[in-house]
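Just so it is clear, the model here is predicted, and its values are computed rather than measured.
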Amino acid sequence: MRIILQGGTVVDRDGERRADVAVEGESIVEVGTDLAREGDRVIDCAGRYVLPGFVDAHSHVDGLLADNDVQRAQLKQGVTSVIAGQDGVSYAPGDGAYATEYFAAINGPHPSYAGGGVAEYLGAVDGTTRLNAAYVIPAGTVRWEVCGRSTTPATAAERERMAELVAQGMREGAVGLSTGLDYVPGIFADADEIAALTAPVAQAGGVYVSHMRGGYEANSSEGIDEIASIARATGARVHVSHFHAEAHIVLAQLDALEVAGVDATFDAYPYTRGCTLLAMPLLPPELSAQPIDDVVRVISDPAERERLRRDWFPEVDRKASLGPAWPSMITLAHIASPEYAWAHGMTVQDAAVRAGVDAIDLALDVLTASRLQANAVMAVRYDRPVSELAQIFGHPGHMGGSDGIFIGAHPHPRARGTFARYLREYVRETGTWTWPDAVGHLSAGPAERFALGRRGRVVEGWVADLIVVDPQVVADTASYDQPLGEAEGIDDVLVAGVPVLADGELQQATPGRGLRRSSDR
């Protein structure tokens, strides 16, 4: 049975026009007028826009793709495909144990992946979800598989074994390699090691995706310089993850990459605050690299706490992204221990006052009780208005990425609001983007960059990942105070030609698939 999206305004990267869209099987078969015929299923799109589904270029739903609430939150924003494997830590290759342990407060455990590699991970996506997922090979997981908990540079033999794992993952359909150079074990990898892993990615036509070193913000040049050196050494195309900093810093560093001859894109979300593991900025990386039992033993020991207070926390005060006011800048989003359920949504400073302890003790108490399963929303030292973010989003290399983390009682609103916020704030309200611009930044651009095949356009012969948007209604409702609000204005979504959201209700079909790298466009 054909499906006709009738009477809407079709928006593609090249423009917009009034037209019907005919879908048969998984493909768009015609775009034109008066296409409906007897027996067709008709979706009335009058007064609404028909767009290609959005691609979340930086996603953390790796282990949550089968969760109905997560799928609904994504589809209500218009997201039909995600790029998983971010920040250097995810399940494949290997048995998934490291990601399940270290990223428990970001990705959570995977419901079915029990080992293997990229092929097994992507195979576990096929037919089990309403979303599509591509995969970047996580360099930290690769390092873990070969080097374990080592905090020293990899040997030549270890680099060779890691590069072989990356090459295998690329053969199995990965779209690139990711690093998380503020996380462990990625923080222990030097540029030469990363280049060795990036070389097979470049040879396969993939993308080097980097959560870069140094904490971003005023320190962004450190990470960008390293990215440029890796690109020069390998010839790789690069993509900078969640590039958050003041606009003049972001734009200057992107200019520096261009001058260096680096083919670079980036994602950035429409919020100032970030979100990450609570332990990442507050514990020394050499400690975080140890088994959880050992870390908990250290941070619960009074003498060790005093040593951390004396020797480590002054370093926290000097971090470019936080500074000495960090207790009032960190909001507790997820704490696995019921003992601290009362603290969700509170800053470390306010929770410390309520608990009658100082901020350092409160943070370490939370990490101890939750066995490090805690994440937090991070404010930045210099807030940025919409007008400044608009300068960043206006860059042609920008792509939409939520960095959304769904685990937590009081999560960052970006998980449920990012893509609707782009449309409300940067298309309808400020005119930073036209509607075709939005398709370029959120659909066509990332689909092309990450080699997702014939996705990201509304043209004949392309995959019918389609969303229907009410341009006057679409909006985010999630906020820092009320982060669970659902996006509005997108009520009909097709994935591979199958309705998965109809009149605002989830449908039973699960046509999502693991997207293998494809140059077919």
Side-chain angles (χ1 to χ4, degrees), residues 54-61 73-74 76-79 82 86-87 106 182 211 215-218 220 240-247 249-251 266-278 280-281 320-322 326 328-334 344-345 347 375-395 398-430 432-433 438 441-442 446 474-488:
F54 298 148
V55 177
D56 189 340
H58 191 103
S59 172
H60 285 293
V61 298
Q74 296 283 77
K76 286 289 289 181
Q77 296 178 68
V79 173
V82 303
Q86 301 287 349
D87 294 328
I106 291 182
D182 285 325
H211 169 139
Y216 291 79
E217 296 296 327
S220 292
V240 182
S241 293
H242 43 59
F243 200 169
H244 52 79
E246 293 175 90
I249 295 174
V250 172
L251 299 178
F266 70 102
D267 59 79
Y269 44 77
Y271 301 86
T272 299
R273 302 178 195 176
C275 183
T276 189
L277 297 174
L278 179 62
M280 192 267 276
S321 59
L322 288 173
W326 65 264
S328 62
M329 297 172 67
I330 297 177
T331 298
L332 300 165
H334 169 64
H344 286 125
T347 66
N375 66 47
V377 175
M378 307 287 187
V380 296
R381 298 172 78 175
Y382 307 107
D383 206 0
R384 289 179 276 279
V386 170
S387 59
E388 183 168 0
L389 291 176
Q391 296 176 51
I392 297 171
F393 301 153
H395 192 283
H398 171 266
M399 295 176 183
S402 72
D403 199 10
I405 297 170
F406 283 88
I407 295 173
H410 196 93
H412 195 299
R414 68 192 185 192
R416 291 168 174 81
T418 288
F419 287 82
R421 191 179 183 97
Y422 284 130
L423 299 183
R424 172 184 63 80
E425 207 157 56
Y426 296 94
V427 179
R428 187 172 68 236
E429 294 179 357
T430 68
T432 301
W433 294 340
H441 285 266
L442 309 181
V474 65
D476 53 309
T477 68
S479 66
Y480 292 119
D481 291 333
Q482 301 292 331
L484 302 180
E486 184 175 83
E488 300 174 339

Taking all non-hydrogen atoms of both residues, which atom of Ala218 and which atom of Ile249 are closest, and how far apart?
CA-CD1, 4.0 Å

Report the distance from atom CG of Leu332 to atom OG1 of Thr347, rounding to the nearest 0.5 Å.
7.5 Å

Set of side-chain hydrogen bond (donor to acceptor under 3.5 Å, both in side chains) partners for Asp476, sequence neighbours left out
Arg421, Arg424

For the atom pair CD1 (Ile405) and NE2 (His334), what is the distance rounded to the nearest 0.5 Å?
10.5 Å

I want to check something: taking the side chain as every heavy atom from C-beta on, are Leu423 and Phe54 in contact at a cut-off of under 4.5 Å?
yes

Phe393: what forms a ring pair (Phe, Tyr, Trp, His ring centres under 6.0 Å) with it, not counting sequence neighbours?
His398, Tyr422, Tyr426

Side-chain heavy-atom pair Leu484, Pro411 within 4.5 angstrom cut-off:
yes

Distance (rounded to the nearest 0.5 Å) between Glu246 CD and Ile392 CD1:
9.5 Å

Which residue pairs satisfy the salt bridge (Lys or Arg N to Asp or Glu O under 4.0 Å) criterion with at least one member in residues 378-388, sequence neighbours excluded?
Glu217-Arg384

For Thr432, side-chain hydrogen bond (donor to acceptor under 3.5 Å, both in side chains) partners two or more places apart
Thr430

Could you pull out the closest heavy-atom pair between Gly215 and Asp182, with the gap in Å?
N-OD2, 3.3 Å

Option passing side-chain contact (heavy atoms from CB on, under 4.5 Å) with His242 (candidates Gln86, Arg414, His211)
His211

Ignoring hydrogens, what is the shortest heavy-atom contact between Gly401 and Tyr269? Give both atom names and the distance.
O-CB, 3.3 Å

For His244 together with Tyr271, are the ring centres under 6.0 Å from each other?
no

Rounded to the nearest 0.5 angstrom, the CZ-NE2 distance for Phe243 and His58 is 14.0 Å

Ignoring hydrogens, what is the shortest heavy-atom contact between Ala487 and Thr477? Give both atom names and the distance.
N-OG1, 4.5 Å

Contacts of Arg416 that satisfy side-chain hydrogen bond (donor to acceptor under 3.5 Å, both in side chains) - sequence neighbours left out
none

From Thr331 OG1 over to Met378 CE, what is the distance, rounded to the nearest 0.5 angstrom?
9.0 Å

Which residues share a side-chain hydrogen bond (donor to acceptor under 3.5 Å, both in side chains) with Asn375, sequence neighbours left out:
none

Approximate separation, where rounding is to 0.5 Å, of His412 NE2 and Asp403 CG
8.5 Å

Just by modelled atom types, is the Phe419 backbone N or O under 3.5 Å from a matching donor or acceptor in the Gln77 side chain?
yes

Got a sec: does the CD of Glu429 have more than 12 other heavy atoms crowding it under 6.0 Å?
yes

Of the non-hydrogen atoms in Thr276 and Pro281, which two are nearest, and what is the gap between them?
CG2-CD, 4.3 Å

Shortest non-hydrogen separation from Asp481 to His410 and the atoms involved:
O-CE1, 3.4 Å

